[in-house]
Protein chains: 2
Amino acid sequence: MHIGEFAKRSGISERMLRYYESRGVLTPRRSDAGYRQYSEADLQQATLVRQLNEAGLKLDSVALLLPCLVDDAPHFDPCDRVRATLANELSALDQKLDALQQSRARLARLVDQVKNAV
Amino acid sequence: MHIGEFAKRSGISERMLRYYESRGVLTPRRSDAGYRQYSEADLQQATLVRQLNEAGLKLDSVALLLPCLVDDAPHFDPCDRVRATLANELSALDQKLDALQQSRARLARLVDQVKNAV
DNA sequence: ATTGACCTTAACAGCACTGTCAGGCCGCAG
DNA sequence: CTGCGGCCTGACAGTGCTGTTAAGGTCAAT
C-alpha cells in the first residue's frame, strides 16, 4: 500500500513515516515511479518502532535493536555488537521508569487530594 | 548561595538553572546586584522539578503543578484550576509507563537471549 | 489530454532542551 | 585601584522530533 493508506492504518503521520525511513528504522520498497510500497510486515515494524520511540528510545537506538527484534529466530551477530548499547538503554529505561512511577504516584496522590477536597 | 555553588550542590548545570527560571519553575531571589540567591528550599524544589521533567513532564506542566506540590498544606484554588491538565498528564504518564514497561520487558528478554547465546 | 487525488523531495519553522561563547558587571584580594 | 573569578544577559548552535508548504511527478478516470 502507499504511504497515505499506511499512515491511516498505522496512525503514524506521513511526515513521521518519511522520517522513520530517513533514520533507517522503516524502509519500504519503492515502485518504479518511486512511490513507497508498504507491506503488512511494515505495519508491525512501524508499530514497534513507534512504541520503542515513545518509550524514550531514540531512533538511532531503535535502528540498532531492530535487526534483533524482527526475526523470530534472532541472529546474535549484530546483537552482540550492540550489547553494551542495549544494556545502557535498559538501565536508562529503568531509571526513567522509576522517575515516571514516582511522578505518577505523586500526581495520583495530588489528584486524590483535590478530589477529596471538593 | 549563588548559582555556581547551587549548581554543584544540585547537580543541575547553571545553564539549566537559568532555563528553569525562564520557564517559571524555579525563581530564586536576587541580590542588589542582580545575582541569583538560592535557598535550601530552592534545592528541594529544583530536585523536584528535575525529577518531574526527567519523568516526561514538560516544564510548563511542572510550573502548573508546582504550587500544589510545594506547600505542606496544599491550597486547592490553583489545583482546582489545573485539575483537567493534571488528569491529562496522569493518563499520559500511565500510557508512557505502559510503553516503557513493554519496552523494558522486550529489551530485558533480548538481553537474556544474548547472554544465553554466548 | 486534462483533472484531481496522491505521491515525491526539499526546505522552512517550531518546540523542548542543552551547551557554549561573547561582552559586560560585581566583589573580593592584593 | 587592579585583577581575577564569578555572575549577568543575549545569542548562536545543535539534536530530536514534528508540522507545513512549495514545486513538481504519477496515476486513474473522464
Side-chain angles (χ1 to χ4, degrees), chain A residues 1-39 42 46-66 85 88-89 92-93 95-96 99-100 103, chain B residues 1-39 42 46-47 49-66 85 89 92-93 95-96 99-100 103:
Chain A
M1 80 200 85
H2 289 171
I3 196 173
E5 186 188 346
F6 190 78
K8 275 175 194 151
R9 286 185 55 185
S10 65
I12 302 171
S13 71
E14 298 185 13
R15 177 69 176 86
M16 286 314 293
L17 289 173
R18 296 193 180 101
Y19 184 61
Y20 281 178
E21 186 172 359
S22 78
R23 303 308 302 277
V25 292
L26 185 65
T27 309
R29 299 189 177 281
R30 295 296 186 114
S31 73
D32 288 350
Y35 281 25
R36 290 174 180 81
Q37 303 271 179
Y38 291 91
S39 68
D42 287 332
T47 301
L48 174 58
V49 167
R50 185 175 50 75
Q51 286 176 345
L52 289 171
N53 188 231
E54 283 177 354
L57 273 74
K58 291 172 189 171
L59 292 186
D60 284 4
S61 305
V62 176
L64 284 176
L65 301 180
L66 226 40
T85 305
N88 283 345
E89 296 288 357
L93 226 51
Q95 210 169 321
K96 232 175 181 143
L100 212 50
S103 300
Chain B
M1 79 200 86
H2 290 172
I3 196 173
E5 186 188 346
F6 190 77
K8 275 175 195 152
R9 286 186 54 186
S10 64
I12 301 172
S13 71
E14 299 186 11
R15 178 67 177 86
M16 287 314 293
L17 289 173
R18 297 192 180 103
Y19 184 60
Y20 281 178
E21 186 173 0
S22 77
R23 303 308 302 277
V25 293
L26 186 66
T27 310
R29 299 190 177 282
R30 295 295 188 115
S31 72
D32 288 350
Y35 281 26
R36 290 173 179 81
Q37 302 271 179
Y38 292 90
S39 68
D42 286 333
T47 301
V49 167
R50 186 174 50 75
Q51 286 175 346
L52 289 171
N53 188 230
E54 283 177 355
L57 272 74
K58 291 173 189 170
L59 292 186
D60 284 5
S61 305
V62 176
L64 283 176
L65 301 180
L66 226 40
T85 305
E89 295 289 356
L93 225 51
Q95 210 169 322
K96 232 176 179 138
L100 211 51
S103 299

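In what follows, chains carry the letters A, B, and so on, assigned in the order in which the sequence lines appear, proteins first and then strands, with residues in each chain numbered from 1. Source: prediction; values computed, not measured.
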(message) Rounded to whole Å, please give me the gap between OH in A/Y38 and C1' in C/dC7.
(response) 11 Å
(request) List in numerical order all residues of residues 19-37 of chain B for which some heavy atom is under 4.0 Å away from an atom belonging to DNA chain D. (result) B/R30, B/G34, B/Y35, B/R36
(message) Of the listed nucleotides (D/dG19, D/dC12, D/dC17), which one gets closest to any side-chain atom of A/R15?
(response) D/dG19
(request) Starting at CZ of B/R50, measure out to CG of B/L26 and round the result to the nearest 0.5 Å. (result) 12.0 Å
(request) Count the heavy atoms belonging to other residues, nucleotides or ligands that lie under 6.0 Å from CZ of A/R30, then report whether that count exceeds 12. (result) yes
(request) Mind calculating the distance between CD (B/E54) and C1' (C/dA16) to the nearest angstrom? (result) 14 Å
(request) Can you see which heavy atom on B/V25 is nearest to which on B/L59, and at what distance? (result) CG1-O, 3.5 Å
(message) Exactly one of A/Y35, A/Y20, A/Y38 should register a ring pair (Phe, Tyr, Trp, His ring centres under 6.0 Å) with A/F6. Which one does?
(response) A/Y38
(message) Give me the atom names and distance for the closest heavy-atom approach of A/Q37 to A/S31.
(response) OE1-CB, 3.2 Å
(request) Verify, without hydrogens or angle tests, whether B/D42 (side chain) and B/S39 (backbone) share a donor-acceptor contact under 3.5 angstrom. (result) yes
(message) Taking only side-chain N and O atoms of A/R18, does any of them lie within less than 4.0 angstrom of OP1 or OP2 on C/dT8?
(response) yes
(message) Please report the distance, rounded to the nearest Å, between CG in B/D60 and C1' in C/dA16.
(response) 9 Å
(message) If I take atom CE in residue A/M16 and atom P in nucleotide D/dT20, what distance separates them, rounded to the nearest angstrom?
(response) 13 Å
(message) In whole Å, I'd like the distance from the NZ atom of A/K58 to the P atom of D/dG16.
(response) 6 Å
(message) If I compare all heavy atoms of A/A7 with all of A/S13, which pair ends up nearest, and what's the gap?
(response) CB-C, 4.3 Å
(request) Measure the CZ-OG1 distance between A/R9 and A/T47 for me, rounded to the nearest 0.5 Å. (result) 10.0 Å
(request) Grab the CD-C1' distance between B/E14 and C/dT18 for me, whole Å please. (result) 14 Å
(request) Would you kindly give the CD1-to-P distance between B/I12 and C/dG19, to the nearest whole Å? (result) 11 Å
(message) Short of 4.0 Å, heavy atom to strand atom, which residues of residues 1-10 of chain A count as contacting DNA chain C?
(response) A/H2, A/I3, A/G4
(message) We want to know whether B/R15 and B/Y19 form a side-chain donor-acceptor pair, criterion being a heavy-atom distance below 3.5 angstrom.
(response) no
